[in-house]
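Everything below concerns the one structure shown next.
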Amino acid sequence: MAESSPVKLAELREIPAFRDLPDAQTQSIAAVLVRRHYAPGQIIFIEGEQASSLWFVFQGTVKIIKQSLNGRIQGLCLMNQGKCFGSCPLFNMAKNPATAQALDQVTLFVLPEGDLQQLKAHDPQFIGALLHLYSQRLGHLARVSDVLGTWAVSDRINDCLLTYASSDMQPTVKLTHEKLAALSGTIREVVTRHLNLLAREGIVQNENGHIIILNPDALLPPCAREDEKAFTT
Amino acid sequence: MAIYDDGRFKIVTEDSLSNIQIFKSLSLPTRRCIAQNAVAVEYLAGVDLYRQSDPPTGLFALQAGRVKLYRQSKKKCQILALPMPGDCFGAESLPTGAPSPYSATTLMPVVIVHLRHDCLQHLLDEHTDFRDVFLQLIIDRLKQFVTLVHDLAFRDVTSRLATVLSLRAEVEGLPHHEGIIYDRLLSQQEFADMVGTAREVVYRTFKKFEADGLVQMTRSSILVYDLDTLRAIALQEAH
């Protein structure tokens with residue numbers, strides 16, 4: 001971890017939950033937030049640990065994961081700039097339901113539990129912002145459940161590639177095979193075998209530490225195509 | 001969606017809201033506002049209350065009967081939850097304006113208190129205690145989905161079916177001289193849709209549980225003989 005230094009008003013404005021609050025209010029929130037830095041791979045909190053804060057991502061990416069008793073890992077989501085996680089104290093949950101780990105160099109703003117409860121009690125706009133964030137996350141988790149319950153492993157890996165691809169002209173996924181396996185609910189060997197198959201078919205190009213997507217349409221799982229059609233018609 | 005076309009509806013009183021768990025903590029003015037704006041609707045079995053990808057719905061509070069919440073692609077279905085009387089669902093995507101993340105269909109005749117989208121927005125804007133309750137509702141569903149993801153990712157079909165059967169015994173079960181009994185409610189296909197597998201696999205797993213003396217399934221009920229063993233199987237994680 002982690003030295004901590006005061007959070008500036010302009011920095012706080014980069015977090016969507018605080019963007020529309022009046023200056024005075026944002027200033028008072030900035031005064032209670034604590035800045036923390038994490039190195040790649042560093043654990044922020046562990047599933048089952050006492051929960052104590054609300055965390056906002058200012059820079060970098062955090063992965064939220066569940067771990068089985070046998071050590072297998074299932075990714076729930078990636079949290080990048082502006083996202084918030086670790087809401088358990090708001091809802092009388094004593095323990096973290098998942099683990100948070102820094103994926104790269106991460107800077108977080110931490111809202112301690114006492115200040116969080118104050119804000120919840122006195123700031124309707126803040127609650128509105130939280131509602132927005134959690135509603136988004138609910139839709140995401142419903143989809144993850146669906147994908148795990150009904151999709152074939154190859155479709156799940158393809159879906160992860162599309163989900164975590166950069167939006168450049170040449171979409172690129174900067175995740176290791178192991179992280180892709182965790183996010184798609186399988187093991188590294190299966191991911192590697194599948195990526196090799198995709199590479200032979202000219203759909204992706206395996207590079208050191210990242211995957212270049214050459215043909216995104218070929219990665220769309222059949223049911224995703226149906227969903228997309230239903231959504232647009 | 002013309003939701004009233006399929007059912008009869010009547011005026012809601014504050015008293016008729018008393019069995020809805022999350023409304024209990026609300027102030028009198030908020031409960032009065034809900035009663036003035038909500039309608040109680042009766043639906044038959046098999047009615048779609050809303051579909052995945054519909055625009056954000058209003059809030060549904062289940063007073064009697066059972067409903068399934070699920071996601072469906074062309075041929076495959078994943079049941080996400082089976083709300084009980086007293087539970088609320090719907091409106092989860094209202095804060096973002098996104099399409100509904102899943103569908104809701106009645107499993108038997110139901111009575112539902114429905115708050116329209118615009119009334120719900122009014123309550124969220126004007127009643128801070130309702131906003132807290134709605135936030136709690138969304139977070140409870142989040143917790144439920146995190147558990148579901150864990151089960152689908154780390155537990156095999158045997159363990160997942162044991163989880164569904166033991167949890168339902170704990171929540172819905174009635175004492176029986178040989179164990180705990182509850183309404184079957186779901187077809188074998190729907191059990192398969194709950195645990196994320198094919199109907200044939202669920203059939204075989206049920207047969208194994210029956211041969212081991214854990215449960216007995218009839219057309220209308222499930223009798224659990226050995227809840228402790230079922231719970232122990234439910235906790236096993238796949239290697």
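Hydrogens, waters and symmetry mates are skipped; everything else that's a heavy atom, side chains included, is used. Labels below follow one simple rule: chain letters A, B, ... track the order of the sequence lines, proteins then strands, and each chain is numbered from 1.
Both the backbone and the side chain of B:I138 come within contact range of chain A, judged by heavy atoms closer than 4.5 Å. For a residue to count as touching a neighbouring chain, one of its non-hydrogen atoms must lie under 4.5 Å from one of that chain's; by this rule B:L124 touches chain A with the side chain only.
In this structure, A:S135 and B:S93 approach most closely via the heavy-atom pair OG-CA, 3.4 Å. Taking all atoms of both residues into account, the shortest heavy-atom contact from A:A142 to B:P101 is CB-CB, 4.1 Å.
We find the CG-CD distance between A:L138 and B:Q144 to be 9.5 Å, quoted to the nearest 0.5 Å. B:L152 contributes atom CG, which lies 12.5 Å from atom NZ of A:K66 (distance to the nearest 0.5 angstrom).
Residues that satisfy the salt bridge (charged side-chain N to carboxylate O under 4.0 Å, His left out) test with B:K68, not counting sequence neighbours, are B:E190.
Surrounding NZ of B:K208 are at most 12 heavy atoms belonging to other residues, nucleotides or ligands under 6.0 Å away. Within 6.0 Å of OH in B:Y182 there are more than 12 heavy atoms belonging to other residues, nucleotides or ligands. Within 6.0 Å of CD in A:E178 there are 12 or fewer heavy atoms belonging to other residues, nucleotides or ligands.
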